[in-house]
Every structure is written in structure tokens, then in C-alpha cells.
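Let me begin by presenting the structure, written as C-alpha cells, before commenting on it.
Proteins get letters first, then strands, A, B, ... in listed order; numbering begins at 1 in each.
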There are 2 protein chains.
Amino acid sequence: MSIKKVAQLAGVSTATVSRYLNNPEQVKEHTRRKVQAAIDETGYAPNTLARNFRRGRTSLIVVVLPTVGDPFLDNVMRGIWRVADELGYSILIRDTQSNSHEFDEYTDMVFSKQADGILLLASISPFEEPTDRKSSNKVHPPIVLGLESVTAELNQFPSVRVDNVAAAADGTDYLIQLGHHRIGFIAGKRNSLLTHDREKGFRKAMRKAKLSVDSGWVVEGEQTLEGARRAARRLLTHKQRPTAIFCANDEMALGAIHEIKNAGLKIPQDISVIGFDDIRYAEIMDPPLTTIAQPAEEIGERTMRRLCQAIDGTDTDAEPEIVPHKLIVRKSTGTAPR
Amino acid sequence: MSIKKVAQLAGVSTATVSRYLNNPEQVKEHTRRKVQAAIDETGYAPNTLARNFRRGRTSLIVVVLPTVGDPFLDNVMRGIWRVADELGYSILIRDTQSNSHEFDEYTDMVFSKQADGILLLASISPFEEPTDRKSSNKVHPPIVLGLESVTAELNQFPSVRVDNVAAAADGTDYLIQLGHHRIGFIAGKRNSLLTHDREKGFRKAMRKAKLSVDSGWVVEGEQTLEGARRAARRLLTHKQRPTAIFCANDEMALGAIHEIKNAGLKIPQDISVIGFDDIRYAEIMDPPLTTIAQPAEEIGERTMRRLCQAIDGTDTDAEPEIVPHKLIVRKSTGTAPR
DNA sequence: TTGTACGCGTTATCAA
DNA sequence: TTGATAACGCGTACAA
């Protein structure tokens, strides 16, 4: 009833008020003034609910991520937000930690018009079955994947990420160049493709250098500080202690560093540590953490842009977009002991 | 047109389909089956847009926070999410960093039905003027404040937080007990009431102990790692170097620790450092950071619950809710040197 | 227990 | 340049 009231007060039709709001240039100066006066007087604000309903879009994007409070995602989100603001979208955040991991749960948000598109920054279970009724007779919703590698079922969607395999191989190569032969790896969660790819890169580089990877040298760190600390303790008590540890992300590297120092060992003299992501705490660690940097903000920006294109139907290209990674050498790595 | 199709296919009216969806018990078993079959066949999902429009509510809550990627907010968000899930709300996140700081911008989201309520976890400018047309002839929207202290204009809203003044005073007392007389303070941003209160508590405790606070001992750290590092450097080069530094939050404490060690000083032998928040990195610092813990998850839960009450109109009480803080003594603080 | 029919506030189409 | 009016999809009061 609200636009009506304004119209009534201004002595014009609702159509004119609507036009004034959406296409002011179509309204004569004189009329504009009247309408604006009525709006001021009533304190009218258009009902977004009705507007979205009419337009059939929410201007909402769901960003699915593993957990907020991950300092790495901070920068990614910054990039996303910049584009979102620019293009008039709001961001709805869901974390897979407290929510379900079902892909359908998120796609349904689009089908039921809760959101216009989905930005997937986490590994989640893909469609239940490709032949599934729901997924087969519906158009694929606008989805873009960021950071994560994709499973076969998902590679139909655009994605933006670094080459995690190559990046991890680079990091491993660097450790090998420093003379390390026994290298441990603290892996992420088993269902995370991203950390799985990093492990793959690690193993690949080791194989290429003809170095063996003792099964006890690869430990799950659960992608948390705590998990990494447990993992590090296990590595340190291994009968053949590694002289270097590659952590699948910086968060886990921080935990590992703590435990190594706690055990009375020196970094990098006794053990070298390398991480992945280059979060802001990497630099202020003691010692500053050697790591592999991703262009986080850029990834955020690009995924968001592609998502908007997907929503508009202008993204025809489903090729994954690979952005460059970069090895950042600090003080947590050094030549192998002895 | 969608519910119509289902109704048609099931051979019932749209009203029956709607009832089946919202009040299944009002529909006869036999009819239910038919409707469900039709839904399955079409893959129908109710249009949330239309539903929200009809119901006049979005089931969306806007959480306004300074910046994502703050590890402290991680826990607060966890609490918020738990309640949100339970009560069927989705969370829309806005950060004040990339968005405007205008209070009206957020209240307008409620007035325009973009969201049902607002959870304010950041300091922002309150209403422009209390006599302002907009704010005066409109009902106050459902808003709850968390973490932050409030200005006079905002204390009409419910809030949940620790007593930052008392907590900071406690921390300061502890340092004084350790024999420190020259204590520095790394403050947050000038517009943050929260860190301002902590500074107030610090000064209060100092005054009570009849210790003077050199003007050069209170430095702004901008609530960032970088800002704190600059602040710490300034404190270290002060002609009368403090023997202890109170940081208005842990993030800044981490930066300060780094700079102090960089300058070749020992913590806590040369300088003690104390933080605020007890983020997860506090414990793994070298040395582990003494700090003041807030019950983050609980704060998140309670603010969210009160917000839902405010939305339902069942929160009559606007008394601020104060939750307990706790001093966590670790190794970054020790007796004053000499 | 089910069906009919109206209205929610907005935008878009068409005619004036 | 403006006005009348039909949709958008759903929920519900009321009637059957």
C-alpha cells in the first residue's frame, strides 16, 4: 500500500512514482519534485521484498566457505565484496562447518529464488547422482568455484584457482634443493580436494627427485591449529624424523611451528617448515614462515565477476582459470641439518 | 505459476498444495500422497521470493562487523549461526571496512524489508540527529548490539558484551601487581568505542595505582597487525621505554610481540605484553600470550537470541547484558625488570 | 477436508 | 510524459 500512499500524496499514479524511483529521466522535472516531496514526507522506502518478487531476482549471492575466521579468506572476501558492491549484490555467507555439505542444499537456494548465484569456496559433495531427477531436468544454476580443485561432476562450472599440484611441487622442490631428503607432510581434511591436490604435488615432486615418502610422514592435520599440533607431535616422534615439514596451509604451519619449538627443536636448523597461503600471520611468526602465496583478493574478484556473468548468462566459457602462485622465502626454511 | 502447475498435475487446488507445504496435518493422507507425487515429478520448489513477500519477512539477519577474517569473530559467528540455524534465519554479513559506516544504511535494510533484523558487532555512527524525520516517525527496527559498548543514542537497544572497562582495568592491575610502573597502551581505532573503553579501563587502573601515563605511552594501533607494529616501534623508541604493553586486542598484541622481538628484546624479561580476546593464535605465540578472554561463542548466541526476541516483539528489556571476562595468564607477562 | 478468490507492493505493458 | 491495469507466486479467509 505504500507506493500508493506516496502516489496519492503527490497526486500522481503509482506508475509515475515507480518510474521516478527506477528511471528518473523519464519523469518531468516538475513531477519529480512533487514525488520527492511526498517521499520525504512519508519517509517511504520501497519494499525490497515486493520489488525482488516482481523482478524475479534477489541480488543476493551465497558464498559457501569452510569456516569464517580463516585469515586467508579475509582477502578473498575483500575481492568478492569489492565486485559485489560495484554490481549491487549482497553477500550471504554459509560455512560448511556448521551447515550441511550437500551440494543440493545450496543449489536449492537458487532454485527457490533465495539467491541469484553461488560462489563455492569449499569442497562439498556434488550432486547425488548425475541421473538424479532434480539435477537432470533443471538448468544448472549459476555457480562459480574458487580456490578449490573440482571433481569431475563439478568441472562443468567455471572456476578460478592456483594450480595447487604445481604449487606444492614447487615448494617441495625448494626443500629438496636445500638438501632435504626426509620431508613430512601435514595434510588437510580427507574430503578437501584442495589440500589433496597439494599432497599430490608434494608426492609428485618427491617421486621426481627419487625420494621415498615414508607412510608415517604424511599426517592429517584437519586444517586446524589443534589438528596440526597433534600431527606435528606425531611427526616429531617418528623413528625417522623428517628434516622438513610441508604444511598444506599456513594455519597448520603455525600449529606445527609451535609444537616443534615446544619440543626444543630449532627452526630451521633442526627442521624446516613451509606453509601455503601466505596469511598475514605468516610474516610475524618466529621464525617468519616460508610459504606459497595465492593472489587471494584477485581470486575473490575474478570468481565474483565470473559468477555475475554466469547469472547474466554471458559466461560461455567453462574453462578453469588458473592464477599464478608464488613462493615466498622467509626464515622457516634452511639447508638440511648434518 | 508454479504452484499452479503442481496443483493441476495433482488434480487439486493451489490452496491444497500450499496447505500441504505449510500445514500438512490439515491435508488428508490420500491427498498428501498425490501432491507429493506431483512435487516429485516437477521438482517444484516454492518461490521464496513470493513466499517472503506474502509473509512480509525475509528470515534474513544482517550481521555488521568490522572485518571478516578476524579470528575472534570466528567464535562469535559460530554462536550466531547455531541459533540462526535453529530458528531458521540466514545470515547476511556486511563489514564496515568496505561499506559505509552510516547507521541509517543498515536500518534502511530493515525498513525496506531486505532483512528482519540487525546484529551490530561494530562501532558505527548512530543516527544523524535524534530529531531527524526518518528516525523519529519510524519505529525502531530490531537491532541488538554485541561486543561493543554503546553510545548514548544507541543504548535504547539491547546489547551483550563484557565490561570492557573493568576487564582492561583487571589486566592493568595484574601488570601493576607484577611491579610494572611504566605501562604502554596500544589502542584501537579512534572511532571504536570498544577499544576506547579498554583504554579507559587502563587509565582508570593506572590512576588508582597513582601511576602516571606518559602521553607517548598511548599509541594508536589501528586494530591491525601492521598498525600495531608501527605503534610498537614508536613505544620502543620512546625515551622512557615502558616495561609492559597492554594491547587493546590480541591481533595487535601479535604485531607488537613481533616488533619487540625484532628489536632484540626479550618477552617477558625486558617487556611484558598482554592482549585482549584470547584468539586461537594467542596460545601458540612465542611466548604464549597472556590475555583477557571473552566468552565469544556465548556472546554470539545471546545476541542472536535477543535479536530474535526483538523481531518477535518479545524483548521488552533493553538492559545491557554483561557477560564475564577472564584473565588468562600465559608466558608473555612477568615481573618488571630490574 | 477442500476449493474459490482476493490481496500483498511493485514493475511493465499499453494506451492516452 | 503520464495513467490505468495486469501480472508476479503465494497464503489464507471464507465458503462449500
For B:Glu29, salt bridge (Lys or Arg N to Asp or Glu O under 4.0 Å) partners two or more places apart: B:Arg32, B:Arg33
Side chains of A:Ile93 and B:Ile91 in contact at under 4.5 Å (non-hydrogen atoms): no
Nearest-angstrom distance from the residue atom CG of B:Asn23 to P of D:dA13: 11 Å
Under 5.5 Å and under 30°: B:Phe53 stacked on D:dC10: no
Protein proximity profile, nucleotides 1-7 of chain C - base contact B, sugar-phosphate-only contact S, no contact -, cut-off 4.0 Å on heavy atoms: SBBB--B
Atom-pair distance (NZ on A:Lys4; C1' on D:dA6), nearest Å: 13 Å
With sequence neighbours excluded, residues passing side-chain hydrogen bond (donor to acceptor under 3.5 Å, both in side chains) with A:Thr16: A:Ser13
Protein-nucleotide distance (B:Lys113, atom NZ; C:dT10, atom P), rounded to Å: 10 Å
Rounded interatomic separation in angstrom, taking NZ from B:Lys5 and P from D:dC10: 11 Å
All salt bridge (Lys or Arg N to Asp or Glu O under 4.0 Å) counterparts of A:Arg161, not counting sequence neighbours: none
Side chain to side chain contact (heavy atoms under 4.5 Å, CB included) evaluation trace for B:Tyr20 with B:Val6: CA-CA 12 Å; B:Tyr20 169 73; B:Val6 176; over 6 Å; no
Rounded distance in Å - CD1 (A:Ile3) to C1' (D:dG3): 13 Å
Rounded to 10 degrees, the angle between the two terminal axes of the helix from C:dT1-D:dA16 to C:dA16-D:dT1, each from five pairs: 30°
side-chain N/O A:Tyr20 vs D:dT1 OP1/OP2, d < 4.0 Å: no
Results of salt bridge (Lys or Arg N to Asp or Glu O under 4.0 Å) for B:Glu301 - residues two or more places apart only: B:Arg82, B:Arg305
C:dT11 phosphate, OP1 or OP2, under 4.0 Å from A:Arg51 side-chain N/O: yes
List the atom pairs, with distances to 0.1 Å, where a side-chain N or O of residues 50-63 of chain B and a protein N or O form a donor-acceptor pair under 3.5 Å, not counting sequence neighbours.
from	atom 1	to	atom 2	distance (Å)
B:Asn52	ND2	B:Thr48	O	3.4
B:Arg55	NH2	B:Asn22	OD1	3.0
B:Arg57	NH2	B:Tyr89	OH	2.8
B:Thr58	OG1	B:Leu60	N	3.2
B:Thr58	OG1	B:Asp116	N	3.4
B:Thr58	OG1	B:Asp116	OD1	3.0

Gap between atoms CG and C1', on B:Asn47 and C:dC8 respectively (whole Å): 14 Å
B:Arg55 side-chain N/O to D:dG11 phosphate OP1/OP2 under 4.0 Å: yes
Residues that B:Thr67 engages under side-chain hydrogen bond (donor to acceptor under 3.5 Å, both in side chains), provided they are two or more places apart: none
Nearest-angstrom distance from the residue atom CD of A:Glu29 to P of D:dT2: 11 Å
Whole-Å gap separating P (D:dC10) and CG (B:Leu49): 10 Å
Counterpart residues, salt bridge (Lys or Arg N to Asp or Glu O under 4.0 Å), relative to B:Glu298 (two or more places apart): B:Arg302
Sugar-phosphate only, base, or nothing, as touched by A:Asn22 at under 4.0 Å among non-hydrogen atoms: sugar-phosphate
